Protein chains: 2
Amino acid sequence: MARAVDEGLLAAARLFAGVGRAELHRIAEMARFVSRPAGGEFFAQGDPAAAFFLLIEGRTRIVQITPDGQQVTLRYIAPGEVFGAVPLFAGGPWPATALAVVDSTAARWSREATDRLTAQHPIILSNALAIVGERVREIEDRYRELATERVEQRVAHALLHLANVTEKSPAGAAIDFPISRQDIAELTGTTLHTVSRILSAWEQQGVIESRRMHVRILRPEGVRAIAAEARPEGRSRL
Amino acid sequence: MARAVDEGLLAAARLFAGVGRAELHRIAEMARFVSRPAGGEFFAQGDPAAAFFLLIEGRTRIVQITPDGQQVTLRYIAPGEVFGAVPLFAGGPWPATALAVVDSTAARWSREATDRLTAQHPIILSNALAIVGERVREIEDRYRELATERVEQRVAHALLHLANVTEKSPAGAAIDFPISRQDIAELTGTTLHTVSRILSAWEQQGVIESRRMHVRILRPEGVRAIAAEARPEGRSRL
DNA sequence: TCCTGTCATTGACCTGGAGCAAAGACCTCC
DNA sequence: GGAGGTCTTTGCTCCAGGTCAATGACAGGA
């Protein structure tokens, strides 16, 4: 069990950009460690927001649960990313639940620690603003996708994002954590059945490779083409 | 033509909460006025973000335009609300366009003015963080709606929001600016045809009253009932 | 008053993808 | 190895809502 935060990770985190090495050490000491097994939760929708987290290891997803039990995944968190900060700053209860996808460990700063942090290092406040601003942009993009694109395109976008496929990417990229059809459906606003059909089709075309709880992109440019696809006729048929 | 910002409005704006009266005066002087006729734009998607705005008068909407020309409305801005701030803090170009719905006037602070502002009044930074945080929450809620609710419910939610219907509301509430079926469609991720059919039905049931470019809610509780309406059965596991 | 442009309504049709159901394919633990 | 649980695949059906098309209702300008 880790006793001290890896300061390298802290230094790499955008939130702490501009903070000195020595200060970083003190900041690290203000954090508490929290570990959750796969499926466990760091915080639950409805509980009062009383801390923010920095994921150290593992993978976590932020999920909203509707009154009738449907789950909507807002985002996946990778190590080095901050989560839970928005509700802390905006006030009110957690609007969503943070679920560990695999065994995960996070550093946790309480509200009091956060207050001291921002008071002593105003730079953190502007960093946070930039980070949250970027989050707004991302979610707005996802909103636009959901409003205008067809399921197939949204799934393509999601896979590219989850597999960290960028402009300059290698030939193949795998999603490096277990993910089910259901998970992808909750992330793209569709059903596991539709996701299954889509992935089957793509696998037959050879653009991806997929086993249970696992997806690997074989031809990123193929997936990217589907994601960008405007509305060419007659290519449906899954 | 207004020469000086109404300081009352500034004082009321959350962004400046906690700033002294005298300081407020100085802040007001740092602003430039911008007026746009109905249909005009304050900034355009793709241009570099170089300022943030506070709407003084009128009504403005933030719209994203997709590569194939579809428009998606992200939000409507009422007087007293800040817009354009997120891209300014997050960096990069405007991710959307700000269109005046009716003749509108805004106060505009340049990037330089903003830098001075936040340097002199760190409180503004935390206010901004809270505001942006709330924006995240709103857009996430809209995202969840789009992913899980049917068109009719989304339109109901949109009308309630645009007409400022709250828990404790009067019997009837009108949307106090001109709005077309197309506008509502762009806000709810559907088509003007579907909106037209829905509004016609509601009008026949007497829950709303609607003329060209105009919608009035007659029975808020009726609209709210539609907004809350659970999906036809579908008891999920869990 | 008519003309023209914008907005709204409605009917008819079609389809993407949700819902349902049943049958594999794996995985883990006795 | 077998049993039971969890994923996945796939065929079939169905319908909400998108698309197409035509008509109607206003409004402002000349």
Side-chain angles (χ1 to χ4, degrees), chain A residues 37-39 66 68-72 101-102 145-156 175 177-186 188-204 208-216 226 229-238, chain B residues 38-39 66 68-72 101 145-156 175 177-186 188-204 208-216 226 229-238:
Chain A
T66 67
D68 61 318
Q70 288 182 81
Q71 297 202 349
V72 176
V101 173
V102 295
E145 276 181 24
L146 196 52
T148 63
E149 299 184 348
R150 281 169 308 121
V151 174
E152 212 180 1
Q153 298 177 67
R154 304 202 305 266
V155 172
I175 294 177
F177 53 88
I179 190 165
S180 70
R181 306 298 187 252
Q182 175 69 32
D183 293 332
I184 297 174
E186 288 174 4
T188 53
T190 180
T191 63
L192 80 163
H193 306 280
T194 297
V195 171
S196 181
R197 281 181 243 269
I198 288 173
L199 296 193
S200 292
W202 291 354
E203 181 147 36
Q204 288 204 326
I208 66 163
E209 168 188 85
S210 164
R211 306 192 288 283
R212 169 185 255 230
M213 300 298 281
H214 175 97
V215 179
R216 165 184 291 276
I226 295 164
E229 170 189 342
R231 189 155 294 241
E233 43 64 57
R235 269 224 54 91
S236 53
R237 183 153 316 92
L238 297 183
Chain B
T66 66
D68 60 319
Q70 286 182 85
Q71 298 201 349
V72 176
V101 174
E145 276 182 24
L146 196 52
T148 63
E149 298 184 348
R150 278 167 312 119
V151 174
E152 211 179 4
Q153 299 177 67
R154 304 202 306 264
V155 172
I175 295 176
F177 53 88
I179 189 165
S180 69
R181 306 296 186 255
Q182 175 69 32
D183 293 332
I184 298 175
E186 288 174 4
T188 53
T190 179
T191 64
L192 79 164
H193 306 279
T194 297
V195 171
S196 181
R197 281 180 242 267
I198 289 174
L199 295 194
S200 292
W202 291 354
E203 183 148 35
Q204 288 205 326
I208 65 163
E209 168 189 84
S210 166
R211 305 191 289 285
R212 170 185 257 234
M213 300 298 280
H214 175 98
V215 179
R216 166 184 290 276
I226 295 165
E229 165 193 341
R231 230 170 234 272
E233 73 149 57
R235 283 264 65 92
S236 59
R237 59 247 106 227
L238 169 70

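Order of the sequence lines fixes the chain letters, A, B, ..., with proteins taken first and strands second; residue numbering starts at 1 for each chain. Worth saying up front: this structure is predicted, and the values here are computed from it rather than measured.
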Q: What's the CE-C1' distance between B:Met213 and D:dC26, to the nearest Å?
A: 12 Å
Q: Looking at B:Thr188, is its backbone amide N or carbonyl O close enough to the side chain of B:Arg154 to form a donor-acceptor pair, meaning the two atoms are under 3.5 Å apart?
A: yes
Q: Please check the phosphate of D:dG18 (OP1 and OP2 only) for any side-chain N or O of B:Thr190 closer than 4.0 Å.
A: yes
Q: Quick one: B:Arg211 CZ to C:dT9 C1', roughly how many Å, whole number?
A: 17 Å
Q: Please evaluate the base of C:dT10 for a donor-acceptor partner in the side chain of B:His193 within a cut-off of under 3.5 Å?
A: yes
Q: Looking only at side-chain atoms of B:Ser196, point me to the closest of C:dG17, C:dT10, D:dC7.
A: C:dT10
Q: To the nearest 0.5 angstrom, please state how far the OG atom of A:Ser180 sits from the CD atom of A:Glu186.
A: 7.0 Å
Q: Give the nucleotide from the list C:dG19, D:dA27, C:dG17 with an atom nearest to the side chain of A:Arg150.
A: C:dG17
Q: D:dT6, D:dC12, D:dC20: which one has an atom nearest the side-chain heavy atoms of A:Arg197?
A: D:dC12
Q: Let me know the distance between CD of B:Glu186 and P of C:dC7, rounded to the nearest Å.
A: 11 Å
Q: Starting at OG of B:Ser210, measure out to CZ of B:Arg181 and round the result to the nearest 0.5 Å.
A: 3.5 Å
Q: Send over the distance from B:Leu146 CG to D:dG17 C1', rounded to a whole Å.
A: 14 Å
Q: Select one nucleotide: of D:dA25, D:dT9, C:dA18, the one nearest the side-chain heavy atoms of A:Arg181.
A: D:dT9
Q: Could you tell me how far apart B:Glu203 (CD) and C:dT10 (C1') are, to the nearest whole angstrom?
A: 15 Å
Q: Verify the contact: side-chain N or O of B:Ser180 to OP1 or OP2 of C:dC7, cut-off strictly under 4.0 Å; return yes or no.
A: no
Q: Without decimals, in angstroms, what is the distance between B:Ile208 CD1 and C:dA8 P?
A: 12 Å
Q: In whole angstrom, give the distance that lies between atom CZ of A:Arg212 and atom C1' of D:dG5.
A: 9 Å
Q: Between A:Thr194 and C:dA18, is there a contact of a side-chain N or O with OP1 or OP2 at under 4.0 Å?
A: yes
Q: Calculate, to the nearest 0.5 Å, the distance between atoms CD and CE belonging to B:Gln182 and B:Met213 respectively.
A: 10.5 Å
Q: To the closest 0.5 Å, what do you measure between CD1 (B:Ile198) and CD1 (B:Ile184)?
A: 9.5 Å
Q: Quickly work out the A:Ile198 CD1 to D:dT8 C1' distance and round it to whole Å.
A: 15 Å
